[in-house]
Amino acid sequence: MNIIKSTKVLFLYKFMQRYASSQALATDLKSIVGNDNVATSTAVREQHSHDESYHPGHKPDVVVFAQSTDHVSKIVKYCASKRVPVIPFGTGTGVEGGVTAPQGGVCLDLSRMDKVLSINAEDFDCTVQAGVTRNALNTYIRDTGLQFPIDPGANASLGGMCATSASGTMAVRYGTMRENVMNLEVVLADGSIIKTAGLKGRSRKTSSGYNLTNLFVGQEGTLGIITEATLKLHAIPEAVLAAVAPFKDLQGAVNATVAIMQSGLPVARIEFLDENMVDACNRFSKLNLDIAPTLFLEFHGSNSNIEAQGQIAEETCKSYECLQFAFATDVDKRAELWKARHNAWYAAQALKPGSKGYSTDVCVPISALSGIVTFAKDELKRLNLLGPIVGHVGDGNFHVFVIVDPTNPKEIELVHQYSMALAKEALRVSGTVTGEHGIGVGKKKLLIDEFGAAGINTMKAIKQALDPMNILNPGKVL
Ligand SMILES: Cc1cc2c(cc1C)N(C[C@H](O)[C@H](O)[C@H](O)COP(=O)(O)OP(=O)(O)OC[C@H]1O[C@@H](n3cnc4c(N)ncnc43)[C@H](O)[C@@H]1O)c1[nH]c(=O)[nH]c(=O)c1N2
Ligand SMILES: CCCCC(=O)C(=O)O
Ligand SMILES: [Mn+2]
C-alpha cells in the first residue's frame, strides 16, 4: 500500500516538475516570438503530437508558430542553450511518425511562414517560405502558365515535402523533390542560417562544392529547419489526356507499365490500383470502374502530339490484354479520377470503419516490379490481411495500405512484420525501403540493411557534426 502511495506521489511530483518546466519554457518562448505565437493548450499540443499514420502520438511541451526565419533562428538558439528538442511541423500529413515528440520539447509549426517570396517565370523557378502548401503555390502561379507538379495526395507544406523528399503521381515525368529543389534556406542546430546552393543561387546546374541541397532534402528535420525553398517550375501542358485501363491480371498491368516506360513515351502519370483498391475507390469516390487490376494514365503534350501518345499507350496496353482502354478528355472527368486517386488512402481505411491504415512504401528497379507486387499479394493472402495496393508504378514505387484494428496490438505487430518482410524483399531485388514517405520512427531498423554499418556510421557522423547535442527531431531516422 505504502509503495503504491509513494509511486503515486513520485508520479505527481514528476508531472508537476514537467508542468513547471514547460510553463517556464513557454514564458521564455513568448518573450522571443510574442504571446500569440506560442501555444500550450492540450488541444493544440495534441493536434501536433501525431501525423496521419498509426504511429503512437507524443505531445510536445509547447507549440511555437514561427512567423519568420529570424523567429526560427532565435527559437533554435534558445533551445540549444537549454538542450530542448525542436521538432519541425509542416502540415502533419507525414506517415512515418516524423512529427511526434517522444522526448517532449518544442514543436516548431511553420504554417504561418506562408509567403510566396518570388516567381521568376522566365527562369521557371520560384522561392517560397516553408509553410506554403503545394496547392497554395499552384493557385498563386496559375496565371503564369506554370505549375509545381509534385503532388503527394495531401496538401502538404513545401518545407515538409523537401524534408521528406516527397513525390507522388507525376514524379515519373517531372521528378521528385530531389530533382526539383534548387536551393534551400536552412536554420542549423546552433541557430545559424545557410543557403545550401549559394547565397543567391538559382542556376539550373552547379558543380560548386558539396551538394548541401540534397543533404537537407529528405533529412526529416534531423539536420536543420528548412525556412525557404527555391523550386523548379514547369510549363502547364497545352494538351492533357487521361485514360483508364483495367487488365485481366496484375502481371498484365505491370508488364504494360514496363513496356510503356521502355518505349520512351513521356507518360506524365501511370498509376496502378489492384482490384481491392479499385473497389475501395468506387465506394469512397463514387466511381463506377470495373473491379480489376487497373492503370490510370495521363499524357501531357501539345495538341498535335497528345493523341499519338495516347494511341501508343493504348496499343501497348492492348498487347498485354487490357480488358478495355477508355480515354478521359473531359476536364471534370480527369479531375474526378485524380481526386479519387489522391483519396485512395482514405478510401482504403473506409473499407473497415474504425480501422487505421498502415502504409508500406517500397521502390524497386522497374524490372523487379511484377515479382515484388506478386510477393506482396501472396504474403497478404498467407497472413489473411486486407491490403489494397496502389502504386506510382512508372517509378517502380508502390504502397500496400494494410487495414488494421488500432486497438489490437497483435494485429499491428503482424502488419509490422509484413511491412518489414516486404521492405527486405525490396532490398533483395536492389530497391529501397522507402520511395517517398521517409524513415521517421517507422523504418529506422531497416536502415542498417539498406546501407550497412559503414553507411550508417557516415550518416551518424554527419548528424554529430551538424547537431552535436541532438536537439533536432531526436529519435527520428537514425
Ligand atoms: C492522403 C495522403 C496521401 C499522401 C501522403 C499523405 C496523405 C495523408 N503523403 C505523405 C505526406 O503528404 C508527405 O510526406 C509530405 O511531404 C509531408 O509534408 P508535411 O508538410 O505534412 O510534413 P509533416 O508536418 O508531416 O512533417 C514530415 C517530416 O518533415 C519534418 N519537417 C516538416 N517541415 C519541415 C521543415 N520546414 N524543415 C525541416 N523539417 C521539416 C517533420 O519534422 C517530419 O519529420 C505522400 N507522400 C508522398 O511522397 N507521395 C504521396 O503520394 C503521398 N500521398
Ligand atoms: C498516406 C499514405 C500514403 C499515400 C500515398 O503515398 C499515395 O496514395 O500514393
Ligand atoms: Mn504515394
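What you see is a predicted model; the values in this text were computed from it and never measured. When a ligand or atom number is given, it counts from 1 through the structure's own listing order. Just the heavy atoms: all of them, side chains too, but no hydrogens, waters or symmetry mates, feed the values below.
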Quiz item: Between Asp449 and Lys424, does at least one N-O distance fall below 4.0 Å, as a salt bridge requires?
Solution: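 Looking at Asp449 and Lys424, the cut-off is met.
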Contact atoms of ligand 2, heavy-atom distance to [X] under 4.0 Å:
X      : value
Val95  : 1 (C), 2 (C)
His399 : 5 (C), 6 (O), 7 (C), 9 (O)
His392 : 9 (O)
Glu436 : 6 (O)
Arg341 : 7 (C), 8 (O), 9 (O)

Quiz item: How many protein N, O or S atoms sit closer than 2.8 Å to the Mn ion (ligand 3)?
Solution: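 N, O or S atoms of the protein closer than 2.8 Å: 3.
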For [X], the ligand 1 atoms whose distance to one of its heavy atoms is below 4.0 Å:
X      : answer
Ser157 : 20 (O)
Leu110 : 35 (C), 36 (N)
Asn473 : 42 (O), 44 (O)
Gly98  : 42 (O), 43 (C), 44 (O)

Residue and atom name of the nearest protein heavy atom (relative to [atom]), distance in Å to one decimal:
atom                    : value
atom 4 (C) of ligand 2  : Phe401 CZ, 3.7 Å
atom 41 (C) of ligand 1 : Pro88 O, 3.2 Å
atom 17 (C) of ligand 1 : Thr93 OG1, 3.4 Å
atom 9 (N) of ligand 1  : Pro152 CB, 4.0 Å
atom 6 (O) of ligand 2  : His437 NE2, 2.8 Å
atom 47 (C) of ligand 1 : Glu436 CD, 3.5 Å

Quiz item: Which part of Thr164 is near ligand 1, with near meaning a heavy atom under 4.0 Å away: side chain, backbone, both or neither?
Solution: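 Within the 4.0 Å criterion, Thr164 contacts ligand 1 through side-chain atoms alone.
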Quiz item: Under 3.5 Å between some N or O of ligand 1 and some N or O of Gly94?
Solution: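 Yes, Gly94 has an N/O under 3.5 Å of an N/O on ligand 1.
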Self-check item: Ser49 backbone acceptor or donor facing Thr100 side chain under 3.5 Å
Solution: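 Judged by distance alone, no pair lies under 3.5 Å.
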Exercise. Say whether His342 and ligand 2 are in contact under the criterion: heavy-atom distance to a ligand atom below 4.0 Å.
Key: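 Outside the 4.0 Å threshold, so no.
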